[in-house]
Amino acid sequence: MNVEHYRQLEYEIINLVSTRGLTNAALDLFRECIWAYFAEHGRVLPWRETDDPYKVLVSEVMLQQTQVPRVLTKYREFITAFPGFAELAAAPLRDVLQIWQGLGYNRRAIALKSAAEAVMEKFNGHLPSDFDALRSLPGIGPATAAQVLAFAFNKAVPYIETNIRAVYIHFFFNDRTDVKDKELMPLIEHTLDTENPRDWYYAILDYGSMLKKTRVNPSRKSVHHTRQSPYEGSHRQLRAKALRAVLDRGNASSANVAKQLKIDKEKARHVLDELVKEGFIKESGGTYSVE
């Protein structure tokens, strides 16, 4: 079935919901639509071919606020360099950040390495399969914990992220704006396939991805939706360039970085000191480096 066929199914479901409410018939048709789309158009991705908790965690952290095509190459490179928690925990931060370059949000790399260290120290090298234990690890929020439980352990825990939000708003709140997550969660819980949460979430995520490519993003109707500020020319981009400059040189002064980035020395020093404070780099005698 092509995408147009799913548009017709969507129309039927949305019409059912608007005229009769959240009936079992509407919810059953919704499930059929999601599963049918997944059966025909489900994405084949390397992290879906494993239930290795380490590989699942790496992929989920990488996918935060980052498009799948950008993650694909980096995921393979990262797993090759650091095949498990032990290797990542023992790796120099410099090596981890070097491979991470290009994914953005470098603090995720630091959090992932810190999580690996905690897994080795507190859980004997095995990622816990308990929600609260996962949440205790650096950089793992409620959504990431639920994703790991679903994709690594096939445990059914309801959660919301942008693609899931898009799907449920599109089908069940199509004529609304300012939709709250607390309105979506009961539906997410009710429709969750508790026998096969792994594939159900994959199916929902793929449908949400399709919606965003073929329609106006339904997530814009969420009260929680925020537009990301442009990256080009932003302070975030400047920080990323400064970090890369230090990584490329091995160590650098603020003057080195200022010259490479074509900014004044005071601005370079300010950015570098920010990176020091947040644990990305170290400073000694006016020289900046990564461990």
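Keep in mind the model is a prediction, meaning the values are calculated, not measured.
- Smallest separation of non-hydrogen atoms from Ala89 and Lys113: O-NZ, 2.8 Å.
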Take Ile164 and Leu205, measure what side chain to side chain contact (heavy atoms under 4.5 Å, CB included) needs, and give me the verdict at the end. CA-CA 6 Å; Ile164 293 174; Leu205 293 171; 4.0 Å; yes
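- Scanning both residues, Ser254 and Ala268, for their nearest heavy atoms gives O-CB, 3.6 Å.
- At least one side-chain heavy atom of Trp200 sits under 4.5 Å from a side-chain heavy atom of Thr191.
- No side-chain heavy atom of Glu60 sits under 4.5 Å from any side-chain heavy atom of Glu161.
- Judged as a ring pair (Phe, Tyr, Trp, His ring centres under 6.0 Å), and not counting sequence neighbours, the contacts of Tyr201 are Tyr159.
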One pair to check against side-chain hydrogen bond (donor to acceptor under 3.5 Å, both in side chains): Thr162 and Lys212. What are the steps and the verdict? CA-CA 10 Å; Thr162 180; Lys212 290 179 176 181; 2.5 Å; yes
Which atom pairs, one a donor and one an acceptor, fall under 3.5 Å between side chains of residues 141-155 and the rest of the protein, sequence neighbours left out?
residue : atom : partner : partner atom : Å
Thr144  : OG1  : Gln64   : NE2          : 2.9
Asn154  : OD1  : Arg198  : N            : 3.1
Lys155  : NZ   : Ser129  : O            : 2.9

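- Under a cut-off of 6.0 angstrom, the local environment of CZ in Arg220 is crowded, with over 12 non-hydrogen atoms contributed by other residues, nucleotides or ligands.
- A donor-acceptor pair shorter than 3.5 Å cannot be found between the side chains of Ser209 and Asp206.
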Contacts under 3.5 angstrom, residues 71-81 side chains, donor-acceptor by atom type, not counting sequence neighbours:
residue : atom : partner : partner atom : Å
Lys74   : NZ   : Ile99   : O            : 2.7
Lys74   : NZ   : Gln101  : O            : 2.8
Thr80   : OG1  : Arg76   : O            : 2.8

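- Here the side chain of Ser219 pairs no donor or acceptor atom with the backbone of Arg165 at under 3.5 angstrom.
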Show your reasoning for whether side chain to side chain contact (heavy atoms under 4.5 Å, CB included) applies to His270 and Lys267. CA-CA 5 Å; His270 175 72; Lys267 189 168 188 178; 5.6 Å; no
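- Interatomic distance, CG of Leu45 versus OG of Ser59, reported as 9.0 Å (0.5 Å rounding).
- Within the 3.5 Å criterion, the main-chain N or O of Gly233 finds a donor-acceptor partner in the side chain of Gln237.
- Listed by chain and number, the residues in a side-chain contact (heavy atoms from CB on, under 4.5 Å) with Ala91 are Phe82, Val96 (sequence neighbours excluded).
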Evaluate salt bridge (charged side-chain N to carboxylate O under 4.0 Å, His left out) for Arg7 paired with Glu10, printing each intermediate quantity in order. CA-CA 5 Å; Arg7 284 181 183 266; Glu10 289 170 18; over 6 Å; no
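- Under 4.0 Å is where a charged nitrogen must lie from a carboxylate oxygen, and between Asp132 and Arg135 no such pair does.
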Might you work through the side chain to side chain contact (heavy atoms under 4.5 Å, CB included) test for Leu88 and Tyr54, ending with a clear yes or no? CA-CA 10 Å; Leu88 179 57; Tyr54 172 74; 3.8 Å; yes
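- Under a 4.5 Å side-chain heavy-atom criterion applied to ILVMFWY residues, the cluster that includes Leu238 comprises Leu93, Leu97, Ile110, Leu243, Val246, Leu247, Val257, Leu261, Ile263, Val271, Leu272, Leu275, Val276, Phe280, Ile281, Tyr288, Val290 as well.
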As a quick check of understanding, evaluate side chain to side chain contact (heavy atoms under 4.5 Å, CB included) for Leu127 and Leu137, giving each step before the final call. CA-CA 10 Å; Leu127 193 69; Leu137 296 172; 3.7 Å; yes
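- Considering every non-hydrogen atom in both Ser289 and Gly250, the closest pair reads CB-O, 3.5 Å.
- Counting heavy atoms from C-beta outward, Met210 and Arg215 have side chains that approach closer than 4.5 Å.
- Here the closest non-hydrogen pair linking Pro158 and Leu192 is N-CD2, 4.0 Å.
- Taking the ring centroids of Phe85 and Phe123, they lie at or beyond the 6.0 Å cut-off.
- Rounding to the nearest 0.5 Å gives a distance of 11.5 Å between CG of Leu184 and CD of Glu189.
- For the residue pair Arg108 / Thr66, a side-chain donor-acceptor distance below 3.5 Å is found, with atom types taken as modelled.
- The minimum heavy-atom distance between Gly286 and Glu283, with the atom names listed, is N-OE2, 2.6 Å.
- Once rounded to the nearest 0.5 Å, the distance linking CD1 of Ile34 with CG of Leu9 reads 10.0 Å.
- Side-chain contact between Tyr105 and Arg236 is present, with at least one heavy-atom pair separated by less than 4.5 Å.
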Contacts table for residues 18-25: side-chain donor-acceptor under 3.5 angstrom, sequence neighbours left out:
residue : atom : partner : partner atom : Å
Ser18   : OG   : Ile14   : O            : 3.2
Ser18   : OG   : Asn15   : O            : 2.9
Thr19   : OG1  : Asn15   : O            : 2.7
Thr19   : OG1  : Leu16   : O            : 3.4
Thr23   : OG1  : Ala26   : N            : 3.2

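- With His224 contributing its side chain and Asp181 its backbone, the two residues share a donor-acceptor pair below 3.5 Å.
- Rounding to the nearest 0.5 Å gives a distance of 10.5 Å between NZ of Lys262 and CD of Gln260.
- In this structure, the side chain of Ser284 does not engage the main chain of Thr287 through any donor-acceptor pair within 3.5 Å.
- Following chains of ILVMFWY side-chain contacts shorter than 4.5 Å, one can reach Met185 starting from Leu27, so the two form part of one hydrophobic cluster.
- Tyr6 and Tyr11 fall into different hydrophobic clusters, where Ile, Leu, Val, Met, Phe, Trp and Tyr are joined by side-chain heavy atoms under 4.5 Å apart, directly or via other members.
- The side-chain heavy atoms of Ile160 and Tyr168, taken from C-beta on, include no pair separated by under 4.5 Å.
- Side-chain contact between Asn163 and Ile204 is absent, with no heavy-atom pair separated by less than 4.5 Å.
- In this structure, CD in Glu32 is found 8.5 Å from CD1 in Ile13, a value given to the nearest 0.5 Å.
- Atom CD of residue Glu40 and atom NE2 of residue His5 lie 8.0 Å apart, to the nearest 0.5 angstrom.
- Heavy-atom neighbours of Gln67 CD from other residues, nucleotides or ligands within 6.0 Å: at or below the threshold of 12.
- Ring geometry for Phe171 against Tyr207 counts as tilted: the plane angle lies between 30° and 60°, on a 0 to 90° scale.
- Formation of a donor-acceptor pair under 3.5 Å by the Lys221 side chain with backbone atoms of Asn174 is found in this model.
- The two atoms that bring Glu183 and Asp178 nearest to each other are OE2-O, 4.2 Å, heavy atoms only.
- Remark: Glu274 does not engage Lys277 in a salt bridge, criterion side-chain N to carboxylate O under 4.0 Å.
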